[in-house]
Enquirer: 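I have a structure I would like to understand better, so I am pasting it below and will then ask my questions one at a time.
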Amino acid sequence: MPLRVIGCSHHDCPVGLREQLAVPRHQIREVLDRFQRHFPHVEAVLLSTCNRTELYTACDSTMAHPTHEETIAFLARDRGILPDSLDGKITGRIGEEAVRHLFSVAASLDSMVIGETQILAQIKGAYQTAIDAACSGEYTHRAFQAALRVAKRVARETHLHQHRVSVPSVAIQDFLPRVFETLEDKEILIVGAGEMAQEALRYLVQAGAKRFHLSSRNIQQARNLAYQLGGNVCDWSSLSEKLVDADLVVSATASPDFVVSYSEFRKLEPRRNQRPLFMLDLAVPRDIDPQIGDCLGVYLYSMDDLEEACAENKSRRGSEMPKAKQIVEEETRLFIAEARRQKIAPSVRQLRETADEIRLSELDRLLRRIPTIDPDAREEISRMTERIVNKILHPPLETLRGGDPEPTAKPTNLLDAFKRLFQLGDS
Amino acid sequence: MGTWGVAFSICYLLGFSLEFTRGWLKLPAPRWGIPVLIAIGLVFHTWLLSSLFPNVWQQRRGVYANWGHWCLVISWFLVTSDLITRWTRPQHVLSIFLLPLSLAFIALAWYLPKGEVFAANRSWQLLGVTHGLLLLSASVFISLGFVSGLMYLWQARRLKRKVEGSRWPQLPSLEWLWLWTERCLVASVTFLISGLGSGFVLNLLSYQSKNPSIPWSDPIIVCSLFLLAWILAVAIFRAAYPPARLGNKVAYLTIASFIFFAVLLGVVFFVPTSHARSKQPRAAVTRAEPRAYGNATVKREERCLSV
C-alpha cells in the first residue's frame, strides 16, 4: 500500500511546536495546492487539529513519492519553521503502519481523550478538503473511506464512546438528568464566557436548554457567545437578581475570588423559596463558595467532584481499548490484503492468460498429430493440461497474495521479481 | 389466599432480592428477567383478585369488603406502578422501594382475618361503596406518595453527598420524583377528604335511621378526625408557605401522611372499634368458610369479632 504519513501529535510533540505546525482550517486547501505544485501526481490529505498535524501522501510510483524528509521539509517551509527544529519531533510511517495509524486516529484510539468523537468529524473534513482540492486519488479514497468505516465499527462494537470524559459533558449529560427531567423550561445562568463556559453552553443547548442568561465581566465576549448560541446577556451587576430565578447555574470564570459568596447567597435565599438549584462550578480557583452547597435545596458540584466521575469513565473507556485495538488490527490486515490483491491482480491475470495461450497452442498441436483420438480422450487431455498449469501457478500466486510462509519477503519486491521472472510487463 | 398468594409473594420476593443484590452480585441474569418475574407474580395476583368478584356479587357484599382484600388491592396497585415505570423508564429502578411496601401489605393481608369483617348491609349501599372506594384510592395514593417521597429524599441525599457508583440503583430525576410526590399528595388529600366526608354522612344517616352502627366516640372516628385535621393543616400549610409546595417539604408531608395512615390502620386492626365490623354472629362467619381458616386465624377472628 503506497500510503505514507508524516506528522506530530500530543504524544511526542510539545504544544508550542504543535501550534507552529497547525494549519488553520481555511488554509488547508492552499497548503494542499502548494503541495501539488511541488509534488505533482501525489495524493495528499492534511489533517490538522489542536492535538495533531499529519500529512498523508500516496503515489503509485515509488520514484515520484516524496520521502519523509522531503515532506517534512515542505511542511516546515510552508509553516515558516526551520526543518532542523523538527528533528526527532516528526514521526513517519509507511504502508501497513501508516494504515494502522490512520485507523487508530479515526477510531479515536490515539486521541488525548480516548473515545472522543470530534476526531471523526475532523478526519471527514480533512478528506473532503482534499477531494475539493483535487488532491485525493485511488489510494487516499480507499484508505480514508476504510478509516471512516473502521471508526464506525469500533463505535458500534465497543463501549468506547459511551462514557463521557470531559468535565462539562459529564456534568451536563450525566449529572443534570439526576436533577431535572427537562431543561426546556429551566432558567439557566451561565457565568463567564471562556472556553469552558462555551463548551458547557454547547452541551446545554444540545440537551434542550432554551432559557439561558449569560453574564461575564467581559460583556463583549458574552455577547459574541450569545450571538453564536443564543440566550440573553445580562449585566454583571444583575447577577444576584438572576440567581433568584435560576434553576441551574454554570460558573466558569478566571476570577481569583468567589463570584457567588455565601453571605450574598444567604441574602437572596429566602426569595428562592427553597426551590432546588443545581450549581456547576467549573472554575479553578472556584467561583462559588463551597458553603453554599450546604444550603437547603442546593446541589453544588465543583471540578473535584466531577473529576472523579470523569476518571471513572476514563478507566471504563480504557478497559474497552484491547477490543478496539483488536478491531483496528483486524481491519488493517484485511485492508492490506485487499490492497495487495488489487495490486497483483493485473499481473496474475496476465500470467494466467499467457499460460493459457501456451497450453491451448500446445494442446492444439498435440491433437493435430493424433487426429483419430475420440472426443472423450480429447476432453480428458484438455482438463489434464489445465490442471498442470493451475498446479504450477498456484504456489507463486499464493505467495504473491500474501500466503507466503516467510514473513520477511516484502510483497513489492516479490511482485517485481515475479514480473521479471515471467517477463510480465506493467499493466 | 392459598396457592396463588404464595406464588405471587414468592415472585415479588425473588424479584426484589434479585434487584437489591444486582449491583453487588452482578449475576449473569438477563435484564428482562426481573420484570418478567414480577409480571408473572402480577398475573397470579390479578387472578386472585378477580376470583373474589363472583363471591362478592353473589353474597351482595361491597367489592373487596375485607381488610385483607384491601391490602391486596393496594399491593396490586404498587406492583402495577412498578411495572409501568419499568416500561416507561427502563433506565431507572423503582422496585427496591415499591416492592417492599407491596410485600408488607401482602404480609398484612396474610395476618388479617380472612372472613367478611365489613358490615354487609352498609358496604353494599351506594354511599358505603363510595366511602370504601374513596378511602381505598386514598390509601393507594398515600402509599405511592410515601414511596415517591422516600425516593426523593434518597436521591436528594445522594446528590447532596455526591454519591457515585454503579452499585446503587439509578433513580428518576428529582424533578420527576417531586412531581409524582406532589400529585400523590394532592390526590390522597382529595380522596381522603371525600372518603372521610362520605363516612361521616354515612354515620349521620345511620343515626337518623335510629340504627346507629358506630358511636361518635369510636376510636376510629376520633382518629379520622385527627387525620382530617392533619390533612387540613397540610392544605393550609401548603397554601400559606410556598416552600411546602417544593422539594423536600413535599416528601416530608407524604411520609407524615403515610405515618398517619399507618396509625389509622393500626387503630382499625388492633383497637376495639365497631367500624368496618360485621354484625354477624361468630358462628355464621366460621360456617361460611370453614375450610379457609386455620386455628390461629380463627382465634384472631374471634378476638376481632368479640371486641
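Below, chains carry the letters A, B, ... as their sequence lines are ordered, and counting in each starts from 1.
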Enquirer: Would you say CH2 of Trp176(B) has more than 12 non-hydrogen atoms from neighbouring residues, nucleotides or ligands within 6.0 angstrom?
Expert: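 Yes, CH2 of Trp176(B) has more than 12 neighbouring heavy atoms, counting only those of other groups under 6.0 Å.
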
Enquirer: What part of Pro177(A) is in contact with chain B, defined as an atom under 4.5 angstrom from a non-hydrogen atom: side chain, backbone, both or neither?
Expert: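 Contact with chain B is through the backbone of Pro177(A) alone.
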
Enquirer: Please determine whether the number of non-hydrogen atoms from other residues, nucleotides or ligands lying under 6.0 Å from atom CH2 of Trp236(A) exceeds 12.
Expert: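 Result for CH2/Trp236(A): enclosed.
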
Enquirer: Just checking Phe278(A): does its CZ atom have more than 12 heavy atoms from other residues, nucleotides or ligands closer to it than 6.0 angstrom?
Expert: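 Atom CZ in Phe278(A) is crowded, with more than 12 foreign heavy atoms closer than 6.0 Å.
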
Enquirer: Please test Leu159(B) against Tyr301(A) for side chain to side chain contact (heavy atoms under 4.5 Å, CB included), starting from the C-alpha separation and ending with a verdict.
Expert: CA-CA 9 Å; Leu159(B) 282 168; Tyr301(A) 282 73; 3.5 Å; yes

Enquirer: Tell me if a side-chain donor or acceptor on Tyr299(A) pairs with a main-chain N or O of Lys162(B) at a distance below 3.5 Å.
Expert: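 Between the backbone of Lys162(B) and the side chain of Tyr299(A) there is no qualifying donor-acceptor contact (under 3.5 Å).
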
Enquirer: How about Lys325(A): does its NZ atom have over 12 heavy atoms from other parts shown lying under 6.0 Å from it?
Expert: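 At most 12 heavy atoms, drawn from other residues, nucleotides or ligands, come within 6.0 Å of this atom.
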
Enquirer: Would a 4.5 Å heavy-atom cut-off, applied to side chains only, mark Asn273(A) and Tyr241(B) as touching?
Expert: no

Enquirer: Considering all heavy atoms of both residues, which atom of Thr182(A) and which atom of Glu175(B) are nearest to each other, and what is their separation?
Expert: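 Of all heavy-atom pairs spanning Thr182(A) and Glu175(B), the closest is N-OE1, 3.5 Å.
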
Enquirer: List the atom of Lys160(B), the atom of Val298(A), and the distance in Å for their closest heavy-atom pair.
Expert: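 Looks like NZ-O, 2.6 Å.
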
Enquirer: Within a reach of under 6.0 Å around CZ of Phe237(B), are more than 12 heavy atoms found that belong to other residues, nucleotides or ligands?
Expert: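 Yes, CZ of Phe237(B) has more than 12 neighbouring heavy atoms, counting only those of other groups under 6.0 Å.
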
Enquirer: Where does Arg161(B) contact chain A at under 4.5 Å (heavy atoms): side chain, backbone, both or neither?
Expert: neither

Enquirer: Taking the side chain as C-beta and beyond, is there a heavy-atom pair between Lys249(B) and Leu296(A) under 4.5 Å?
Expert: yes

Enquirer: Taking all atoms of both residues into account, what is the closest heavy-atom pair of Gln155(B) and Arg178(A), and its distance?
Expert: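 Where Gln155(B) meets Arg178(A) most closely, the heavy atoms are NE2-O, 3.5 Å.
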
Enquirer: Just wondering, more than 12 heavy atoms not from Glu157(A) lying within 6.0 Å of its CD?
Expert: yes

